[in-house]
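Below, chain A is the first sequence line, B the second, and so on; all start at residue 1.
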Number of protein chains: 2
Amino acid sequence: MKLTTRGRYAVTAMLDLAINGGSRPVSLADISGRQEISLSYLEQLFAKLRRGKLVVSARGPGGGYRLARSRTEIYVAQIIDAVDESVDVTNCQGKGNCHQGETCLTHHLWEDLSGQIHEFLSHISLGDLMEKRDPRNRSVSADGMLQTLSLR
Amino acid sequence: MKLTTRGRYAVTAMLDLAINGGSRPVSLADISGRQEISLSYLEQLFAKLRRGKLVVSARGPGGGYRLARSRTEIYVAQIIDAVDESVDVTNCQGKGNCHQGETCLTHHLWEDLSGQIHEFLSHISLGDLMEKRDPRNRSVSADGMLQTLSLR
DNA sequence: CTAATTCTTGACTAAAATAGTCGGGAATAG
DNA sequence: CTATTCCCGACTATTTTAGTCAAGAATTAG
C-alpha cells in the first residue's frame, strides 16, 4: 500500500465524478476545470481506472465517464490500487538468503501494517466520503468489526 | 498524510531499533547492514527522527541511537510525520477563490480521509507491531473505540 | 593522550517517479 | 460532415528519492 499524490488525484477525480455524475457522463474536461488537474494527466489516470473496472466511458459529444457501479460499491482502496500498480518491495523474497533474519522480520511487520491500511481503505466508499459517514458505524456488532480490523 | 517508501524505511529502521535496542544503543552501521539501507541515507532519516524527538543519540565507540521513550509510546504516525514533512496541498487556501466550489468540496473530503488515516496510524505503536497486536483490541468499550475512529 | 568509533552536517549526484505535453487517432451525437 | 470526446503512445520537465562524498565534533577504550 502506497499513498502518493497520484492516489489523491485519482480519489479526488472519482469524488468529482460521484458528485457531478448524475444521469449523464462527466467529461474529463469538466473535471480538469473543476479540480485543476491537467487534462492529459487525467486521461492517463482514467485509462487505469477504466482498466480497473471502476468507470465506464462514452465517446462523442455529450460523452465522458461515469462510475461503473454505485458510489457505495466503489472503495478508496480500489481506486488507489488501480492507479498505483503497487510494486513488490520484497527485497528478500526469492533470493533464498535472509532466513528468519532481522531483515525478513521487520519486512514482515511492515507488510502487516500495510495490509491493515489497505483493509482500512477497503471499507470506505465514495458514498461514505460524500456523506462523511464512517462505514463502520453501520456494523451491527462491535465484535464483528473488531475482527474485521484486527491484525491477521 | 502521505505514505511513501521513505516512510517505510523510517518505520523499518525504527522497528529494527525497537527489536535490537536493549540496554545499549544501536549504531546506524548495524541497522544499515541488517536492513540493507545505505548508511548515509539512514543518517539523513535519523537526523529528522532526532529532531522529531523520537530517538536520542550517543556518540563515540559503543554509541548509536536508542528510542527516546518506550516502544509502546512511539506511534507509526509520528515516525512518518517526522521524516515526511507533509506539504500543504491546499491549492485553494488563501487564494480567496473557490467559494464552496467543487474543488473545495472534494479537497475537503480528501482532507477528511487523510485525517482518518493519520488517526489510524496514531494508534499503532512500535510495540503493537512487534507483538502483532491490534491496539484497539485493548480498548475497554467498543463505544469508545467507535468514537475514536469515527469521522470528525 | 591517542586512536578508533560514531554521530553530525552540508553539498553534491544519479536514478526514479510524478506531472504534464504533444500529436495523432477512433467513435459518435447532432 | 463536423465538433466533441475518449483513446493511445511517445516524449519531456520537474520533483522526489536514494545514495555518495567529505569534513568535522564528541566520546570511549586503551
What I want to check is whether the side chains of Ser40(A) and Ser38(A) have a donor and an acceptor closer together than 3.5 Å.
no
Would you say the side chains of Ser125(B) and Glu73(B) form a donor-acceptor pair under 3.5 Å?
no
Calculate the interatomic distance between Tyr9(A) atom OH and dA17(C) atom P; express it in whole Å.
18 Å
Can you list, by residue number, the residues of residues 19-30 of chain B that have a non-hydrogen atom closer than 4.0 angstrom to DNA chain D?
none
Residues Ala13(A) and Leu42(A): closest non-hydrogen pair is CB-CD2, 4.1 Å
Suppose the criterion is salt bridge (Lys or Arg N to Asp or Glu O under 4.0 Å): which pairs have a residue in residues 11-30 of chain A, not counting sequence neighbours?
Asp16(A)-Arg34(A)
Below 4.0 angstrom, which residues in residues 55-70 of chain A have at least one non-hydrogen atom near DNA chain D?
Ser57(A), Ala58(A), Arg59(A), Gly60(A), Pro61(A), Gly62(A), Gly63(A), Gly64(A), Tyr65(A)
Between dT16(D) atom P and Leu3(A) atom CG, what is the distance in whole Å?
16 Å
Can you tell me if Thr12(A) uses its side chain to pair, donor with acceptor, with the backbone of Arg8(A) under 3.5 Å?
yes
Bending between helix ends of the helix from dC1(C)-dG30(D) to dG30(C)-dC1(D) [5 pairs per end, 10° resolution]:
20°
Looking only at heavy atoms, the pair that brings Met1(A) and Leu121(A) closest together is SD-CD1, 4.3 Å
Length of the line joining Ile31(B):CD1 and dA18(D):C1', which is rounded to integer Å:
17 Å
Once you round it to whole Å, what is the distance between C1' of dT18(C) and NZ of Lys2(B)?
11 Å
Donor-acceptor pair, distance only, cut-off 3.5 Å: does the side chain of Ser122(A) make one with the backbone of Ala77(A)?
no
When you look at Asp128(B) and His123(B), which way does the side chain to side chain donor-acceptor pair (under 3.5 Å) test go after all the steps?
CA-CA 9 Å; Asp128(B) 292 324; His123(B) 289 279; over 6 Å; no
Between Asp84(B) and Lys2(B), the two heavy atoms sitting closest are OD2-O, 3.4 Å
Can you see which heavy atom on Ile79(B) is nearest to which on Ala10(B), and at what distance?
CG2-CB, 3.7 Å
Where at least one partner belongs to residues 41-54 of chain B, residue pairs that pass salt bridge (Lys or Arg N to Asp or Glu O under 4.0 Å), sequence neighbours excluded
Lys48(B)-Glu85(B)
Residues from residues 39-54 of chain A sitting under 4.0 Å of DNA chain C, heavy atoms only?
Ser40(A), Tyr41(A), Gln44(A)
Quick one: do Leu54(B) and Val56(B) end up in the same hydrophobic cluster if we chain Ile, Leu, Val, Met, Phe, Trp and Tyr together by side-chain heavy atoms under 4.5 Å apart?
no
Evaluate Leu15(B) against Met130(B) for side chain to side chain contact (heavy atoms under 4.5 Å, CB included), listing each step before the verdict.
CA-CA 8 Å; Leu15(B) 273 168; Met130(B) 286 173 62; 4.1 Å; yes
